[in-house]
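Order of the sequence lines fixes the chain letters, A, B, ..., with proteins taken first and strands second; residue numbering starts at 1 for each chain. Because only heavy atoms are used, hydrogens play no part in the values below, and waters and symmetry mates are left out as well, while side chains stay in. Owing to the predicted nature of the structure, the values given are computational and were not obtained by experimental measurement.
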Amino acid sequence: MSEPATIPDPPGTTPPQRYTASLATDLERHWRERWESDGTFRVPNPGDPDFDASRPKYYCMDMFPYPSGAGLHVGHPIGYIGSDIISRFYRMKGYNVLHPMGWDAFGLPAEQYAITTGIHPADTTRAAIKTYRQQLDAIGFSFDWSREIATIDPDYYRWTQWIWLQAWNAWFDHEQGHARPVDELISELKAGKRDVEGRPWKDLDTSEQQAYIDDQRLAYLSEQVVNWCPRLGTALANEEVIDGRSERGGHPVIRKPLRQWMFRITAYADRLLTDLDTVDWPESTRTMQAEWIGRSEGADIEFACDLQNTIRVFTTRPDTIFGVTFMVLAPEHPLVKSILADPPTGMDVAPLARYVAEASGRADVERMADQQEKTGVSLGISAINPATGETIPVWVADYVLMGYGHGAIMAVPGHDERDAAFAKRYELKIRPVVKSTSLDDDTDCFTGDGIAMNSSGSTLSIDGQVSAEACNSVIDWIEQQGLGERRVRYRLRDWLFSRQRYWGEPFPIVHDAEGRTWPISDDHLPVTLPPLEDFAPVESEDPQPLLAKATDWLHTTAGEAGVDPSLLPPDTPVTRESNTMPGWAGSCWYHLRYCSPNCSDRFVDAEAERYWLHDGVDLYIGGAEHAVLHLLYARFWHKMLYDLGYVSAPEPFKKLFHQGLLTSWAYQRSDGSLVPVDEVEEQSSDRFIEIATGDSVKRIIAKMSKSLRNVINPDEVIETWGADTLRLYEMYMGPLEASKPWNPRDIVGVFRFLQRLWRLVVDEQTGELQLAEQPDETIERALHRTVRRVETDIERIAFNTAIASLIEFTNEATSSGRLTADQVERLVRIMAPLAPYIAEELWHRLGHQSSVALANWPDVDESMLVDTTLELPVQIKGKVRSKITVAADADEATIQEMALADARIVELIQDTPIRKVIVVPGRIVNIIT
RNA sequence: GGGCCCGUGGCGGAAUUGGCAGACGCGACGGACUUAAAAUCCGUUUUCCGAUAAGGAAGUGUGGGUUCGAGUCCCACCGGGCCCACCA
């Protein structure tokens with residue numbers, strides 16, 4: 001990497017006790033070891049001997065890292081520094097602070113690495129964790145490492161599996177709006193309080209009963225069209241597919257029917273949406289989740305068609321029913337399948353078969369590329385528009401998706417652009433039925449709300465009604481006719497939860513020869529990952545999970561696997577589930593495990609959970625890229641556990657904060673391609689040369705990445721400047737939430753500040769403290785103001801301005817002389833959350849034995865914050881012309897009098913008549929002439 | 001295509017509810033110390049007119065508006081970013 005702009009402290013020439021990088025490094029190592037051996041940051045749980053129940057709690061949590069082989073770069077810890085400042089601050093404010101850290105250690109990268117190197121993912125992951133831990137420790141975080149967790153520890157994933165089993169053992173009672181144990185459903189069915197689609201429970205045979213129950217579970221097996229990524233050799237959740245490509249790696253994704261484990265997250269759509277109003281989250285993230293859940297109101301409508309069938313559709317615009325001139329089914333629609341299997345006499349199904357086959361094999365990227373091009377084939381049957389009585393054709397087209405609604409639509413080419421494009425291409429009838437109320441809307445396809453027209457010819461007439469009213473009329477009519485009903489639908493789909501990969505949690509379930517599933521009993525958890533040496537994906541037309549390679553492990557008996565003998569005789573041959581859970585599983589509940597990481601008889605100790613999480617995590621800091629992935633999944637798990645009585649709050653994360661991205665310089669050739677940083681020479685501040693070619697390149701700002709070689713390692717920064725400087729610089733760059741560029745030139749600014757602070761207190765020659773006997777009045781007031789500013793800035797997560805206040809105070813104190821011991825103590829304490837090492841060192845030099853991290857935050861004397869007089873600007877017609885000094889409590893009349901008497905104002909106004917004087921006490925005077 | 005966010009000196013960025021735009025830091029320039037350099041310290045630093053003064057003018061992407069007063073509120077546009085995207 002490029003050299004720092006200024007090289008601090010050339011050896012041998014500086015005073016022996018100056019705050020230099022080497023002095024910083026020495027004292028940082030010393031305090032790091034001391035904090036560790038003293039257990040300074042260990043926080044007790046309720047019930048522990050040193051627990052203090054009189055203190056309020058503060059749970060401050062980071063999104064834990066995925067430990068990758070590359071190690072940390074300076075962008076990673078930016079959020080951790082923020083959460084550390086907050087944690088240290090609340091600790092000093094007298095809170096019990098839970099500030100834990102752990103490792104999100106299952107996942108694809110380690111496994112991809114294993115495919116090429118043959119090194120077991122466990123080995124690379126353990127090594128990476130060790131590196132990460134060292135790097136994090138150097139920065140001086142106040143994590144309670146006694147609570148460290150890793151999702152790959154069997155003691156951890158045992159409970160991940162256990163929670164999954166709770167979901168498997170639960171169903172969603174839509175009448176009560178929450179999940180309940182499946183046993184309760186079974187007993188209600190047995191007691192005749194419920195039936196199965198009109199049939200009494202006792203009329204079902206055993207396999208029908210089991211199939212019905214399995215279908216009700218929150219974790220269930222389902223054959224459906226999934227996102228299959230051939231390159232990764234696994235199915236992916238919707239949330240993991242971005243623009244038709246895998247979120248990890250950017251590989252194309254196709255649609256493929258597969259039998260997979262699903263989570264019934266859709267049952268929670270409504271609550272996941274409405275509870276967003278109860279959390280203190282960034283607006284943008286709440287919007288993103290709301291849009292992902294995608295609530296829409298409308299109706300289900302049934303259309304009669306040939307073959308004594310009906311086609312059910314969902315529409316948000318029932319008011320346009322008179323404009324329905326054809327229908328369209330998704331290629332995967334069951335009716336399409338049945339027609340292909342048993343075509344009506346005389347129909348040539350070849351074009352249909354061809355179209356369906358083509359559509360099913362296409363990658364989503366291709367489908368998206370030609371979105372404009374609407375293609376389809378006629379299904380060869382017709383339906384009846386119930387409103388007009390008209391016979392309308394039925395088509396098949398891949399712009400209709402099987403995954404939403406019923407996989408079928410009523411097409412309204414007059415008021416829907418997609419239907420319009422399709423109708424034009426295949427010359428289908430278009431009938432407008434909604435008039436725009438605005439005159440300048442003369443599009444031939446009006447999609448907005450308007451006034452209904454052309455609705456004569458049936459028992460229903462809605463002409464003249466505005467859209468909302470017309471919708472209600474149509475829905476009422478449809479319900480009367482028994483053709484359908486009002487419906488709320490969500491865009492959210494059930495969560496595909498199984499992966500065909502190795503490096504994840506195995507499912508605690510087995511399959512018997514009849515295809516039934518049996519859970520592993522709690523005392524046999526965890527189901528540990530079998531050893532494997534070959535990690536290459538199984539190449540097959542019919543995708544196979546990787547664990548199927550572990551044949552000895554795969555085929556076992558019920559007793560061996562740990563199925564309860566009362567369910568299945570121990571010698572029954574069974575096959576283990578060979579899919580694994582996705583990388584998100586472990587992160588869905590780690591906020592719970594931190595409360596009692598060593599609890600061995602429960603996933604979380606109940607009392608600890610009630611204490612730390614009765615109102616959720618107080619502050620959760622992490623990247624915005626998880627807005628609809630981890631953050632949605634974790635909310636879902638938490639709600640599930642809440643319904644089943646295992647946790648005490650409906651939401652896991654009360655306040656959420658996203659740290660911004662750290663960018664760095666990169667270099668670009670004139671053709672737009674990028675040049676690695678180390679292949680560029682800086683000739684002047686605006687001229688950069690690619691060394692190999694001698695061509696001039698442009699400096700741009702880009703995300704830190706290995707390929708650009710513009711990644712900055714925190715270890716190097718700490719070596720050059722010390723960890724306190726790294727912390728301060730990262731926080732001083734700008735607001736924590738903003739994305740901002742790393743500029744090595746700027747680091748020296750905060751380093752100089754620490755040096756000045758040190759020099760203010762310590763004699764650079766002797767190392768003796770230099771203190772004043774008597775406090776200076778002005779400085780004392782400034783200190784009180786600074787304490788207040790720093791505490792309010794830390795509370796509102798504005799560390800950049802907190803540091804600016806500290807710099808300002810230090811400069812002011814330096815130019816006016818010395819501080820008293822008492823003043824230095826207060827200054828050191830308010831520095832402690834931001835620059836903990838230097839604060840700790842000075843605190844001990846002042847004679848303290850215990851850590852400054854455990855000291856109280858200094859009190860502010862409110863009377864020291866108010867000045868007796870203040871200076872007010874006086875404007876004439878909005879331009880500042882003079883300033884007057886008034887008593888702080890002066891009333892409007894007095895201020896006006898003084899302003900008008902001011903010599904400069906008198907001179908400027910002379911005999912100009914004054915029309916008005918605006919006086920805002922404490923702020924401004926504005927004279928209007 | 002839809003939704004959301006952001007545009008402030010050479011650079012990173014300040015500016016509680018509309019009330020002195022540019023805090024603080026970097027860089028730059030000048031000075032002190034030094035044989036010299038580094039480090040450190042002091043001063044200047046939005047632009048323009050003016051003399052390096054006094055004083056004045058312009059100024060927060062562009063153009064309008066509301067207001068005694070707009071970086072902040074409203075409308076339109078330009079530029080950048082993020083999210084969603086055949087969701088019926």
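Spacing of C1' atoms, B:rC4 relative to B:rG13, comes out at 24 Å, to the nearest Å. Comparing the same atom, P, in B:rG12 and in B:rU66 gives a spacing of 34 Å after rounding to whole Å. For the P atoms, the distance linking B:rU8 with B:rG71 amounts to 14 Å, nearest Å. Comparing the same atom, P, in B:rU60 and in B:rU47 gives a spacing of 15 Å after rounding to whole Å. Taking atom P on both nucleotides, B:rU46 is separated from B:rA39 by 24 Å, rounded to a whole Å. Comparing the C1' positions of B:rC77 and B:rC83 gives a spacing of 23 Å, expressed to the nearest Å. B:rA57 and B:rA38: their P atoms are spaced 43 Å apart (whole Å). If you take atom P in B:rC82 and the same atom in B:rA88, they sit 26 Å apart, rounded to whole Å.
The side chain of A:Ile807 lies closest to B:rG25 when the candidates are B:rG25, B:rC84, B:rC20. Each of B:rC84, B:rA88, B:rU40 was ranked by its minimum atom distance to the side chain of A:Val400; first place goes to B:rA88. Listed nucleotides: B:rG27, B:rG55, B:rC41. Nearest to the side chain of A:Arg904: B:rG55. The A:Ala804 side chain lies nearest to B:rC24 when the options are B:rG27, B:rC24, B:rC68. Across B:rC86, B:rA88, B:rC26, the shortest atom-to-atom separation from the side chain of A:Asp398 is found for B:rC86. Residue A:Glu808 has its side chain nearest to B:rA23 when only B:rU40, B:rA88, B:rA23 are considered. Checked against B:rC83, B:rA88, B:rC86, the side chain of A:Met288 finds its nearest nucleotide in B:rC83. The side chain of A:Pro873 approaches B:rC20 more closely than any other nucleotide in the set B:rA88, B:rC20, B:rG27.
Residue A:Thr316 is in sugar-phosphate contact alone, with no base atom involved, counting any heavy-atom pair closer than 4.0 Å across all strands shown.
Shown here are the salt bridge (Lys or Arg N to Asp or Glu O under 4.0 Å) partners of A:Arg489, two or more places apart in sequence or in another chain: A:Asp300. By the salt bridge (Lys or Arg N to Asp or Glu O under 4.0 Å) test, A:Asp416 pairs with A:Arg418, sequence neighbours left out. Shown here are the side-chain contact (heavy atoms from CB on, under 4.5 Å) partners of A:Ser739, two or more places apart in sequence or in another chain: A:Leu661, A:Thr663. With sequence neighbours excluded, no residue forms a side chain to side chain donor-acceptor pair (under 3.5 Å) with A:Arg493.
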task = Indicate for each nucleotide in nucleotides 10-19 of chain B, in 5' to 3' sequence, whether protein heavy atoms under 4.0 Å reach the base (B), only the sugar-phosphate (S), or nothing (-).
result = --BSSS-B-B
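One can place CZ of A:Phe751 at 13 Å from P of B:rG27, the figure rounded to the nearest angstrom.
In terms of polar N and O atoms assigned as donor or acceptor, the side chain of A:Lys877 never comes within less than 3.5 Å of the base of B:rC68 in a complementary pairing.
Looking at heavy atoms from C-beta onward, A:Leu632 lies in side-chain contact with A:Leu492 at the 4.5 angstrom threshold.
When every heavy atom of A:Leu273 is checked against every heavy atom of A:Ile293, the shortest pair comes out as N-CD1, 3.8 Å.
With its glycosidic angle within 90° of 0, B:rG9 is assigned syn.
Applying the salt bridge (charged side-chain N to carboxylate O under 4.0 Å, His left out) test to pairs two or more places apart or on separate chains, none has a residue in residues 919-928 of chain A.
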